[in-house]
Amino acid sequence: MSSVDLYNTLSRKTETFESIVPDRIGMYVCGPTVYGPPHLGHVRGPIVFDVLRRFFISKGYQIRFVRNITDVGHLVGDADEGEDKLQKQARLEKIEPMEVAQTYADSYNWVMDQMNVIRPSIEPRASGHIIEQIEMISAIIDRGLAYEVNGSVYFDVSAYSKIENYGELSGRVLDDLVAGAGNQSRDLEGQVEKRNAHDFALWKKASPEHIMQWSSPWGKGFPGWHIECSAMSVKYLGEEFDIHGGGMDLLFPHHECEIAQSKAAHNHAPAKYWVHHNMITINGQKMAKSLNNGIQVLQLFSGEHHLLTRGFGADVLRFFVLQAHYRSTLDFSEEALIASEKGLQRLYAAEKLLSGLKVSNSSSLEFSDLKVAIEAALSDDLNTPIAIAQLFELARRINLVNDGKESIDLVNLNMAKELFDHVFHEILGIKAAIEENSGVLDGVVELLIQLRAQAKTEKNYALSDQIRNELKSRGIELMDSKEGTNWKLS
RNA sequence: GGUCGGAUGGCCGAGCGGCUAGGCACGGGUCUGCAAAACCCUUUACACCGGUUCGAAUCCGGUUCCGACCUCCA
């Protein structure tokens, strides 16, 4: 199998991928904190890593794909000091924290199913791996790289950086972090427990009103945000696995801390390749509560949002995401989404033509160049936009054949079919178009089309236009072509 | 304020020294009673100022904007 190049954040270079164990890949992707309905920002990572996974599968690899659910320990910032995000939402809705987690984990997975994202091989939850997290924290303490204060445990970044390079992933320099603070006295005021401002929590003591808490060697508490991914990836993928993925926003501190935790506990880094996808922006602005421009995935499907005039399909969203390279920011707007939708329809239409295409003894067109170009594009740091551009070129050529301007033989026809099946559906994961007209409606519309055709033959255009207009007002659009009249629900 | 990344035609978005992706919109055409749809063809570009080079959207320096993370905390 030909090689695949991937950009590794750790080395800041594009590297040729080599799995640790031949033909097998262990892959860990940071999943959502389930305290709210899935929004647009949740969608890109899963789609990108799904395509990467599918691409590797197509190359013959066996993949164990782990994506976690964070249902504990991720705290709300500033105003909600020390309060668990899940717990906060639970109080508002007057239900159990685990009920919140279940509800939003379900809706997250429902959205993933809609977008044809293959479910993870394993989907571990932080709350189900408290013991593993405690064990890992203990190991770090035993190595003298974490300390306990008043029932909480903190990772000792200063001690760690004497033996390892804290900041190797994010490019941050500890000296800068420390020196940059400049006014440490202020930092330490509210942070008496920590030895240094840049230390991070491995375990937090729970206050009595804290609902989500577990027993530990340090008393009742709950795990820090970073340790869950470390503990769960070790459990299911081993101390060293192939690919760790996530959003660029997690690069620091989360992934940096994961590396530090693993090195502190096991003496080596958890993952060989770190892959980070970029963010989605909306109308040139970042998604933010204050800007009131966040869009939930369900709103996108239904169109119930002030930035949308109508709803869009999950396949459109998926295609939209893949039309940009995963390491670039992607600006969302309804206009851009409509452009993707139209383009997608163009590909569907071309694919549909294949079954009725005239096969010649010889070909005036070749498709093998497209196959090669697609393989090369995907192998070059998962360049999906280039691969999609080749599919559009394929569609263009198919249309030329359909118009009788070019010809193809059976070999090329089959290659075109294979490109759609293999690349479009299997790797890019775009679902095949579905005809969802009811048989009854089908018959009724066909009858009206026949009556209208008769009217046209008699040059009774008043009647033929009436039929067309009446149907249109009922959501059925008629389109004449050389071969006859087609219709669709509008 | 710190670290890193980015500024490409009306919009989205590839490219990363020469051969100027792709989609949508616009325009021209085919088809058509008309319309719509579909298909074919096609215009517009590389933030700004210098430099390197035979040649730069691509490399170097500066300027201006933009973003992510950090500067609170977990």
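By convention in this document, chain letters (A, B, ...) are assigned in the order of the sequence lines, proteins followed by strands, and residues within each chain are numbered from 1.
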Subject >> Set of residues satisfying side chain to side chain contact (heavy atoms under 4.5 Å, CB included) with respect to A:A389, sequence neighbours excluded >> reply: none

Subject >> Quiz item: A:R172 side-chain donor-acceptor pair to B:C4 base, under 3.5 Å >> reply: no

**OP:** Compare every heavy atom of A:L382 with every heavy atom of A:V48, then report the nearest pair and how far apart it is.
**Re:** O-CD2, 3.8 Å

Original post:
Which whole number of Å gives the distance between the C1' atom of B:U64 and that of B:G15?
Top reply: 24 Å

Subject >> Watson-Crick or G-U counterpart of B:A38, or none if no pair lies under 3.5 Å >> reply: B:U30

Subject >> Among B:C34, B:A74, B:A36, the one nearest A:R452 by side-chain distance >> reply: B:C34

Original post:
B:A37 C1' sits how many Å from A:K352 NZ, rounded?
Top reply: 12 Å

Original post:
In terms of the nearest nucleotide of RNA chain B, which residue is placed more toward the 5' end: A:M248 or A:F320?
Top reply: A:F320

Original post:
With a 3.5 Å cut-off and just heavy-atom distances, do the side chain of A:R468 and the base of B:A36 make a donor-acceptor pair?
Top reply: no

Original post:
Ignoring hydrogens and angles, does a donor from either the side chain of A:D480 or the base of B:A35 sit under 3.5 Å from an acceptor on the other?
Top reply: yes

**OP:** Using the P atoms only, state how far B:A74 lies from B:U3, rounded to an integer number of Å.
**Re:** 25 Å

Subject >> Pi stacking test for A:F200 and B:A74: under 5.5 Å apart, planes under 30° >> reply: no

**OP:** Rounded to the nearest angstrom, tell me the gap between atom CG in A:D5 and atom P in B:G15.
**Re:** 13 Å

**OP:** Indicate whether OP1 or OP2 belonging to B:A14 is found under 4.0 Å from a side-chain N or O atom of A:S328.
**Re:** yes

Subject >> Under the side chain to side chain contact (heavy atoms under 4.5 Å, CB included) test, residues paired with A:E393 that sit two or more places apart >> reply: A:L370, A:R396, A:R397

Subject >> Atom-pair distance (NZ on A:K13; P on B:C4), nearest Å >> reply: 17 Å

Original post:
Nearest-Å distance, NE2 (A:H254) to P (B:C70)?
Top reply: 13 Å

Original post:
Does the pair A:R468 and A:D465 meet the rule for a salt bridge (Lys or Arg N to Asp or Glu O under 4.0 Å), with working shown?
Top reply: CA-CA 5 Å; A:R468 186 170 66 195; A:D465 285 353; 3.5 Å; yes

Original post:
Quick one: A:Y35 OH to B:A74 P, roughly how many Å, whole number?
Top reply: 17 Å

Subject >> A:Y326 six-ring face occupied by A:R44 cation (under 6.0 Å, within 45°) >> reply: no

Original post:
Whole-Å distance between B:G15 P and A:H325 NE2?
Top reply: 7 Å

Original post:
B:C40 phosphate, OP1 or OP2: any side-chain N/O from A:N399 under 4.0 angstrom?
Top reply: yes

**OP:** To the nearest Å, give me how far apart CE (A:M279) and C1' (B:C69) are.
**Re:** 10 Å

Original post:
Is the phosphate of B:A36, meaning OP1 or OP2, less than 4.0 Å from a side-chain N or O of A:K472?
Top reply: no

**OP:** Would you mind reading off the distance between A:R397 atom CZ and B:C41 atom P, rounded to a whole angstrom?
**Re:** 12 Å

**OP:** Choose from B:C69, B:C4, B:A37 the nucleotide whose nearest atom is closest to any side-chain atom of A:R12.
**Re:** B:C4

Subject >> Residue pairs, two or more places apart or on separate chains, that pass salt bridge (charged side-chain N to carboxylate O under 4.0 Å, His left out) and touch residues 370-379 of chain A >> reply: A:K59-A:E375, A:K371-A:E418

**OP:** With P as the reference atom in both, quote the distance from B:G1 to B:C60 in angstrom, rounded to an integer.
**Re:** 25 Å

**OP:** Between protein and nucleotides 18-30 of chain B, map the contacts as a letter string: B base, S sugar-phosphate only, - none, heavy atoms under 4.0 Å, written 5' to 3'.
**Re:** ---BSBSS-----

Subject >> Partners passing ring pair (Phe, Tyr, Trp, His ring centres under 6.0 Å) against A:F155 (at least two apart in sequence or in another chain) >> reply: A:Y160, A:F200

Subject >> C1'-based separation of B:U43 from B:C26 [nearest Å] >> reply: 9 Å

Subject >> RNA chain B: 5'-proximal contact among A:L251 and A:G171 (nearest heavy atom) >> reply: A:G171

**OP:** Take A:H276 and A:H255, measure what ring pair (Phe, Tyr, Trp, His ring centres under 6.0 Å) needs, and give me the verdict at the end.
**Re:** CA-CA 10 Å; A:H276 290 97; A:H255 292 161; 4.9 Å; yes

Subject >> ring pair (Phe, Tyr, Trp, His ring centres under 6.0 Å) involving A:F55 - partner list, sequence neighbours excluded >> reply: none

Original post:
Base, sugar-phosphate, or nothing: which does A:N402 touch, judged by heavy atoms less than 4.0 Å apart?
Top reply: nothing

Original post:
Donor-acceptor pair under 3.5 Å: do we get one between A:D331's side chain and the base of B:G13?
Top reply: no

**OP:** Indicate, with a heavy-atom threshold strictly under 4.0 Å, whether A:L250 touches base, sugar-phosphate, or nothing.
**Re:** nothing

